Amino acid sequence: MLRLMGAILIIGGSSGIGFWYRQKFHTALWHLRYMVQILELFMSEIRYGKATLPECCMQIGGKAEEPYKTALLKIHKAMEGREGSFPDKWQECMGEALVEIPVSKNEKEMFLEFSGGCNIADNQMQIRAIEQYRDMLAGAVKNREKEIEKQGRMAAGLGIMSGLLLAVILV
């Protein structure tokens with residue numbers, strides 16, 4: 001009886017780990033899509049609201065999800081106090097916010113580096129710079145979407161199979 005109970009617990013635990021990894025893949029995809037959405041909101045605020053980048057941070061930060069909300073509002077507050085340049089504050093505050101986000105280093109860098117091209121006074125050039133990084137992130141989203149189904153299925157399958165293997169070995 002105890003062996004059977006132990007086998008069930010092992011299978012359940014390893015299956016849970018597999019499904020946890022699968023959920024992690026989906027969470028990473030959600031964050032990538034959200035990053036693309038934030039860049040699109042920046043473009044809209046600049047194009048239609050004629051807002052400056054710090055104003056964009058305030059507008060978008062009021063509606064954004066965590067951890068982006070805190071970072072955007074922190075950037076706005078720092079820029080109001082004239083504490084450095086926008087690219088520096090963006091790199092610093094967003095870099096802190098993205099530490100726990102489960103996306104690759106390359107994808108984080110794409111999102112963080114968009115601010116370097118925004119030091120231009122011309123709104124159209126800012127929009128073009130943001131569009132360039134948005135398109136790169138959108139490409140990363142497409143790549144993730146292609147592979148997420150395979151990776152998710154593999155993670156869940158490996159979790160279940162490893163649990164079964166361990167249960168057979170131990171029983």
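Basis for what follows: all heavy atoms, side chains included, without hydrogens, waters or symmetry-related copies. Being a predicted model, the structure only gives us computed values, none of them experimental.
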>> Go through it in stages, so that I can follow the logic: the residues are Ile46 and Cys56, the test is side chain to side chain contact (heavy atoms under 4.5 Å, CB included), and I'd like the CA-CA distance, side-chain angles, deciding distance and then a yes or no.
In response: CA-CA 7 Å; Ile46 292 170; Cys56 291; 3.7 Å; yes
> Say you draw a straight line from CG of Asn106 to CE of Met136; how long is it, rounded to the nearest 0.5 Å?
Replying inline: 8.5 Å
> Between atom CG of Leu165 and atom CD1 of Ile10, what is the distance when rounded to the nearest 0.5 Å?
Replying inline: 10.5 Å
> side-chain hydrogen bond (donor to acceptor under 3.5 Å, both in side chains): which pairs involve residues 26-45, sequence neighbours left out?
Replying inline: His31-Tyr68, Arg33-Glu145
>> Holding to side chain to side chain donor-acceptor pair (under 3.5 Å), I want the full list of residues that pass it with Glu80, two or more places apart in sequence or in another chain.
In response: His76
>> Taking the side chain as everything from C-beta on, heavy atoms only, tell me whether Leu39 gets closer than 4.5 Å to Phe111.
In response: yes
>> I'd like to know if Ile130 and Val141 are part of one continuous hydrophobic network [Ile/Leu/Val/Met/Phe/Trp/Tyr, side-chain heavy atoms within less than 4.5 Å].
In response: yes
>> Before you tell me yes or no, could you show the steps for Lys77 and Met58 under side chain to side chain contact (heavy atoms under 4.5 Å, CB included), namely the whole-Å CA-CA distance, both residues' side-chain angles and the distance that decides it to 0.1 Å?
In response: CA-CA 8 Å; Lys77 187 175 181 180; Met58 181 186 66; over 6 Å; no
> Where is the tightest heavy-atom contact between Ser15 and Ile160, given as atom of each residue plus distance?
Replying inline: OG-CG1, 3.3 Å
> Hey, is Glu66 close enough to Lys69 for a salt bridge, meaning N to O under 4.0 Å?
Replying inline: no
> Shortest non-hydrogen contact from Arg144 to Ser104?
Replying inline: NH2-N, 3.7 Å
> Which is it for Met35 and Leu98 under the side chain to side chain contact (heavy atoms under 4.5 Å, CB included) test, yes or no, and what are the steps along the way?
Replying inline: CA-CA 11 Å; Met35 288 177 193; Leu98 296 180; 3.8 Å; yes
> Got a sec, which hydrophobics cluster with Leu4, joining ILVMFWY side chains under 4.5 Å apart, including via others?
Replying inline: Ile8
>> Quick check: closest heavy atoms across Ala138 and Val36, and the distance to 0.1 Å?
In response: N-CG2, 3.8 Å
>> I'd like to check the side chain to side chain donor-acceptor pair (under 3.5 Å) partners of Glu131; sequence neighbours left out, ordered by chain and number.
In response: Arg47
>> Please enumerate all residues that pass side chain to side chain donor-acceptor pair (under 3.5 Å) together with Lys108, with sequence neighbours excluded.
In response: none
> How many angstroms lie between atom CE of Met43 and atom OH of Tyr48, to the nearest 0.5 angstrom?
Replying inline: 8.5 Å
> If you take all heavy atoms of Cys57 and Leu73, which pair is closest and at what distance?
Replying inline: O-CD2, 4.4 Å
> Any chance CD of Glu100 has more than 12 other-residue heavy atoms, nucleotides or ligands included, within less than 6.0 Å?
Replying inline: no
> If we only count heavy atoms from C-beta on, is the Leu112 to Tyr133 side-chain gap below 4.5 Å?
Replying inline: no
> Does a side-chain heavy-atom distance below 4.5 Å link Pro54 with Ile75?
Replying inline: no
>> Let me confirm one number: the CD1-CG distance from Ile60 to Leu41, rounded to the nearest 0.5 Å.
In response: 5.0 Å
> Given a cutoff of under 4.5 Å between side-chain heavy atoms of I, L, V, M, F, W and Y, with clusters grown through shared members, what are the other residues clustered with Tyr21?
Replying inline: Ile17, Trp20
> If you measure from the Lys or Arg side-chain nitrogens to the Asp or Glu carboxylate oxygens, is any gap between Lys74 and Glu96 under 4.0 Å?
Replying inline: yes
>> As an exercise, state the distance from CD of Glu147 to CE of Met154, rounded to the nearest 0.5 Å.
In response: 9.5 Å
> Quick one: does Ser14's side chain have a donor or acceptor within less than 3.5 Å of a partner on Gly159's backbone?
Replying inline: yes
> For Ala71 and Ala97, which heavy atoms make the closest approach, and how far apart are they?
Replying inline: CB-CB, 3.8 Å
>> Tell me the closest heavy-atom pair linking Ile101 and Pro67, and the distance in Å.
In response: CD1-CG, 3.8 Å
> Does the side chain of Phe42 come within less than 4.5 Å of Ile127's, by heavy atoms?
Replying inline: no
> Got a second to check how far Leu32's CG is from Ile148's CD1, nearest 0.5 Å?
Replying inline: 9.5 Å
